[in-house]
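Remember, it's 1-based here, ligands and their atoms both numbered in the order they're listed. In what follows, every heavy atom counts, from backbone to side chain, and hydrogens, waters and symmetry copies are set aside. Note that the structure is a prediction, hence the values are computed from the model and not measured.
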Amino acid sequence: MKTAVVTGGAGFLGSHLCERLVAEGMRVVAVDNLVTGKRENLRALDGSPAFSFLLHDVSRPFTIAGPVDYVLHFASPASPIDYLELPIQTLKVGSLGTHNGLGLAKAKGARFLLASTSEVYGDPLVHPQPESYWGNVNPVGPRGVYDEAKRFAEAMVMAYHRVHGLDTRIVRIFNTYGPRMRPRDGRVVPAFLQQALTGRPLTVFGDGSQTRSFCYVDDLIEGIYRLLLSAQTDPVNIGNPHEMTILEFAETIRAAVGGDSEIVFEPLPVDDPKTRQPDISLAREVLGWEPRISLDEGIRRTLDYFREVLARDQA
Ligand code: NAD
Ligand code: UDP
């Protein structure tokens, strides 16, 4: 039985990943300090002898008893409002946390996979973004704490790969959505869904002409699992190339929910990227992966989850 350590395992993506790895027959240890994650995200795994949880801040050194085959580093605030509220913790988990995870992987002879991000491309000047693009990031702007932490993390992973011969993977994740996002985490999918479900105005930042490309969580996890088992050590984009403006997205959510919420315009946050769309040619070629779940289907599944959460909150 292989053992995987998932940092950030109690978060949105981490919890889906832990479930997938257990389903694939692995022993999984989730390590999380619950700064933005929730223990209940892992409820489905409680009681499984293959699963355990360690409450720990991975910016501080840690070890795991026994053999470890994979270390997957997902710990980091990920929503802009979270990392703007926790700038130093974000820099620390991207730098010290990555270093500690790499140290664990090196000590155990494990494969290390970094959850990187499309934010390494910043406000991109190349469109769509291939992995060969180096990005356009403002290091001293408010978003720099997240973007630069991830860029540093990628550099650190590649240094461990080159110097220590560590077996490493880097996934550049583009905007992903689905069940277990916190309704108030500030990202656009939960924000619009929650606003539409409670009959409040949908808050479009700027004029809504900026674009994003949204990937459903199950598609993303499939891509990450394939990358983990592949031989690909250079970074790989995983995301859905279906691009739309944020205004179009607001209209899509309003239509899916069926309410009559108005759309209001609010100031655009500093350094908000104007466009974002993954070039997934590499993932198609080396992983045989592409997204399968349509936006309509993904929104329907996410909507079911948010309806349940809101009903529970009101009970
Ligand atoms: P999330 O906030 O739901 O999950 C992050 C988890 O990390 C939380 O459970 C949090 O408590 C934990 N964490 C944060 N700092 C920690 C620390 N110092 N020690 C231990 N645990 C810590 O966010 P998410 O959307 O699930 O993102 C997971 C990872 O994927 C992040 O690294 C993020 O940068 C990356 N990512 C996500 C997206 C996306 O669209 N969801 C896009 C690009 C990259
Ligand atoms: N956004 C918006 N209204 C909101 C939240 C976000 O218009 O209530 C916009 C945000 O300005 C950005 C896009 O939606 O252009 C995606 O934002 P998110 O925070 O989800 O992720 P980002 O891609 O910026 O990291």
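Between Asn175 and ligand 1, no N or O atom pair is found at a separation short of 3.5 Å. On a distance-only criterion, Tyr83 and ligand 2 share no N/O pair closer than 3.5 Å. Taking distance alone, with nitrogen or oxygen atoms compared against 3.5 Å, Phe192 stays at or beyond that limit from ligand 2. At least one N/O-N/O distance between Val188 and ligand 2 falls below 3.5 Å. Not a single N or O atom of Arg187, backbone or side chain, sits closer than 3.5 Å to an N or O atom of ligand 2. The N/O atoms of Val35, backbone and side chain alike, include one that comes under 3.5 Å of an N/O atom in ligand 1. On a distance-only criterion, Gln195 and ligand 2 share no N/O pair closer than 3.5 Å. Of the N or O atoms in Val93, none lie within a sub-3.5 Å distance of an N or O in ligand 1.
Here atom 5 (C) of ligand 1 lies nearest to Ser76 when heavy atoms of Gly8, Ser76, Ala149 are compared. The heavy atom nearest to atom 34 (O) of ligand 1, out of those in Phe214, Phe12, Phe174, Tyr146, is found in Tyr146.
Close approach of ligand 2 to Arg276 (heavy-atom distance below 4.0 Å) involves ligand atoms 22 (P), 23 (O), 25 (O). Atoms of ligand 1 lying under 4.0 Å from at least one heavy atom of Asp57, given by number and element, are 17 (C), 18 (N), 19 (N). Less than 4.0 angstrom separates some heavy atom of Val204 from each of these atoms of ligand 2: 7 (O). Within ligand 2, the atoms closer than 4.0 Å to a non-hydrogen atom of Pro80 are 19 (O), 25 (O), numbered from 1 in the order shown. Each of the following atoms of ligand 1 lies closer than 4.0 Å to a heavy atom of His56: 19 (N), 20 (C). The distance from ligand 1 to the heavy atoms of Lys150 drops below 4.0 Å at these ligand atoms: 31 (C), 32 (O), 33 (C), 34 (O). Taking a cut-off of under 4.0 Å to the non-hydrogen atoms of Gly37, the atoms of ligand 1 that pass are 8 (C), 9 (O), 10 (C), 11 (O).
The side chain of Asn175, and not its backbone, has at least one atom closer than 4.0 Å to an atom of ligand 2 (non-hydrogen atoms only; side chain from C-beta on). Neither the backbone nor the side chain of Ser118 comes within contact range of ligand 1; no heavy atom lies under 4.0 Å. Heavy atoms of Glu266 found under 4.0 angstrom from ligand 2: none, in either backbone or side chain. Residue contacts with ligand 2, taken as heavy atom pairs separated by less than 4.0 Å, involve Ile246 solely via side-chain atoms from C-beta onward.
The closest side-chain donor-acceptor pair between Arg172 and Ser116, if any, does not fall under 3.5 angstrom.
Residue contact check for ligand 1: Arg187 places a non-hydrogen atom closer than 4.0 Å to it.
The pair Arg301-Asp218 meets the salt-bridge criterion, with a side-chain N (NZ, NE, NH1 or NH2) lying under 4.0 Å from an Asp/Glu carboxylate O.
Taking the six-membered ring for Trp and thresholds of 30 and 60 degrees, Tyr121 and Tyr133 have nearly parallel ring planes, at less than 30 degrees apart.
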